[in-house]
Asker: 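Could you have a look at this structure, given as structure tokens, before my questions?
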Amino acid sequence: MIRFIRFIDRISTWVGQAFAWLIVVLTLHVCWEVAARYLLNQPSAWAFDMQMMYYGILFMMAGAYTLAKSGHVRGDILYGFLPPRVQAGLDLILYLAFFIPGVVALVWAGWYYAGYSIAIREHSSLMANGPPIYPFKAFIPLAGAVLLMQGVAEILRCALCLWRGAWPSREEDVEEVDVDKLREMVNVKNEDIAKLDRYAAQGEQTR
């Protein structure tokens with residue numbers, strides 16, 4: 001079971017990391033649009049729509065990745081103090097009662113909207129000659145399918161925790177820099193930082 005869970009985790013991770021490059025595309029597009037608008041006086045009519053679609057695709061396709069890394073925000077203050085088996089039981093109930101029906105509805109509705117949009121070759125209605133948006137809508141059922149697959153992995157992870165009494169480990173990924181861990185890695189102590197601050201202050205006073 002753990003191999004199957006890890007396999008789905010790797011797929012979600014790969015999808016999230018692949019679509020994360022849209023941040024670079026979005027940044028370059030915004031920079032080019034600003035330069036074209038204010039330096040060349042040639043703004044693009046499609047700029048706003050395309051930027052929204054870039055961000056929307058990134059947001060949707062990163063959902064399974066974030067779930068695989070347990071990165072979604074939790075609003076329950078007491079959850080972290082509960083035993084692993086109780087956490088797994090609550091998660092399992094919520095996944096079965098809310099997550100699975102909601103994501104299945106997303107896939108079903110997304111498939112309908114994407115199919116209709118592709119059939120009529122839908123374009124943006126914000127302008128007379130707006131960009132095509134059916135490629136963007138095609139990502140709705142795809143993102144829902146990947147998220148649903150990761151949800152199955154999370155349900156299996158809950159079942160494994162109920163059986164073993166401990167959460168199975170997740171694959172490591174990029175994390176925010178922890179200052180204390182960074183100090184331990186480079187063997188820097190608070191006393192050394194204080195000495196450096198005093199030395200810098202003395203240098204400023206002698207100028």
Side-chain angles (χ1 to χ4, degrees), residues 1-26 53-115 135-185:
M1 183 184 295
I2 190 65
R3 290 183 179 179
F4 180 70
I5 294 173
R6 292 285 176 82
F7 175 71
I8 296 178
D9 286 347
R10 284 192 291 270
I11 294 176
S12 299
T13 300
W14 182 85
V15 170
Q17 292 176 346
F19 281 90
W21 286 99
L22 281 176
I23 286 290
V24 178
V25 177
L26 179 59
M53 284 189 278
Y54 290 151
Y55 180 76
I57 293 173
L58 172 63
F59 184 86
M60 289 189 294
M61 299 306 295
Y65 168 84
T66 308
L67 184 60
K69 304 306 176 186
S70 189
H72 288 290
V73 177
R74 291 186 180 273
D76 193 344
I77 301 175
L78 301 178
Y79 179 87
F81 297 98
L82 299 174
R85 277 199 171 97
V86 179
Q87 292 179 345
L90 291 174
D91 285 354
L92 185 60
I93 294 173
L94 293 175
Y95 275 119
L96 294 176
F98 297 101
F99 181 89
I100 295 299
V103 178
V104 169
L106 172 65
V107 174
W108 182 84
W111 182 265
Y112 169 79
Y113 285 120
F136 166 70
K137 286 191 174 182
F139 281 98
I140 299 175
L142 178 60
V146 179
L147 186 61
L148 182 62
M149 181 176 61
Q150 184 59 44
V152 172
E154 296 302 317
I155 289 174
L156 294 177
R157 186 174 270 114
C158 291
L160 202 59
C161 180
L162 288 172
W163 178 38
R164 294 181 176 179
W167 286 107
S169 61
R170 296 178 184 268
E171 291 187 350
E172 295 184 357
D173 195 29
V174 178
E175 297 181 358
E176 296 182 6
V177 176
D178 189 314
V179 177
D180 294 329
K181 290 183 179 179
L182 186 60
R183 289 177 180 175
E184 294 176 1
M185 291 172 59

Asker: Below 4.5 Å, heavy atoms only, C-beta onward: do Leu26 and Leu58 meet side chain to side chain?
Answerer: no

Asker: To the nearest 0.5 Å, how far apart are CG in Asp91 and OH in Tyr79?
Answerer: 3.0 Å

Asker: Checking the side chain of Arg157 only, and the main-chain atoms of Trp167 only, is there a donor and an acceptor separated by less than 3.5 Å?
Answerer: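 No; zero donor-acceptor contacts below 3.5 Å.
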
Asker: Return a table of donor-acceptor pairs under 3.5 angstrom between the side chains of residues 137-152 and protein atoms on other chains or two or more places apart.
Answerer:
| residue | atom | partner | partner atom | Å |
| --- | --- | --- | --- | --- |
| Lys137 | NZ | Glu122 | OE1 | 3.1 |
| Lys137 | NZ | Glu122 | OE2 | 3.4 |
| Gln150 | OE1 | Ser12 | OG | 2.7 |
| Gln150 | NE2 | Asp9 | OD1 | 2.8 |
| Gln150 | NE2 | Glu154 | OE2 | 2.8 |

Asker: Search all heavy atoms of Leu162 against all heavy atoms of Gly89 and return the closest pair with its distance.
Answerer: CD2-N, 3.9 Å

Asker: Could you grab the distance from atom CD1 of Ile5 to atom CD1 of Ile2, nearest 0.5 Å is fine?
Answerer: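 Ile5 atom CD1 to Ile2 atom CD1 measures 4.5 Å (nearest 0.5 Å).
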
Asker: Considering only heavy atoms from C-beta outward, does the side chain of Val15 approach that of Tyr65 to under 4.5 Å?
Answerer: no

Asker: Got Phe7 and Arg10 here, is their nearest side-chain heavy-atom distance under 4.5 Å?
Answerer: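 Touching, per the 4.5 Å side-chain cut-off.
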
Asker: When rounded to the nearest 0.5 angstrom, what is the spacing between CG in Leu92 and CZ in Arg85?
Answerer: 13.5 Å

Asker: To the nearest 0.5 Å, how far apart are CG in Leu82 and CD in Gln87?
Answerer: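 One gets 6.0 Å once the value is rounded to the nearest 0.5 Å.
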
Asker: Looking only at heavy atoms, which two atoms of Arg170 and Ser70 are closest? And how far apart?
Answerer: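 That would be NE-CB, 3.7 Å.
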
Asker: Please tabulate, for side-chain N and O atoms in residues 93-114, each donor-acceptor pair with protein atoms closer than 3.5 Å (sequence neighbours left out).
Answerer:
none

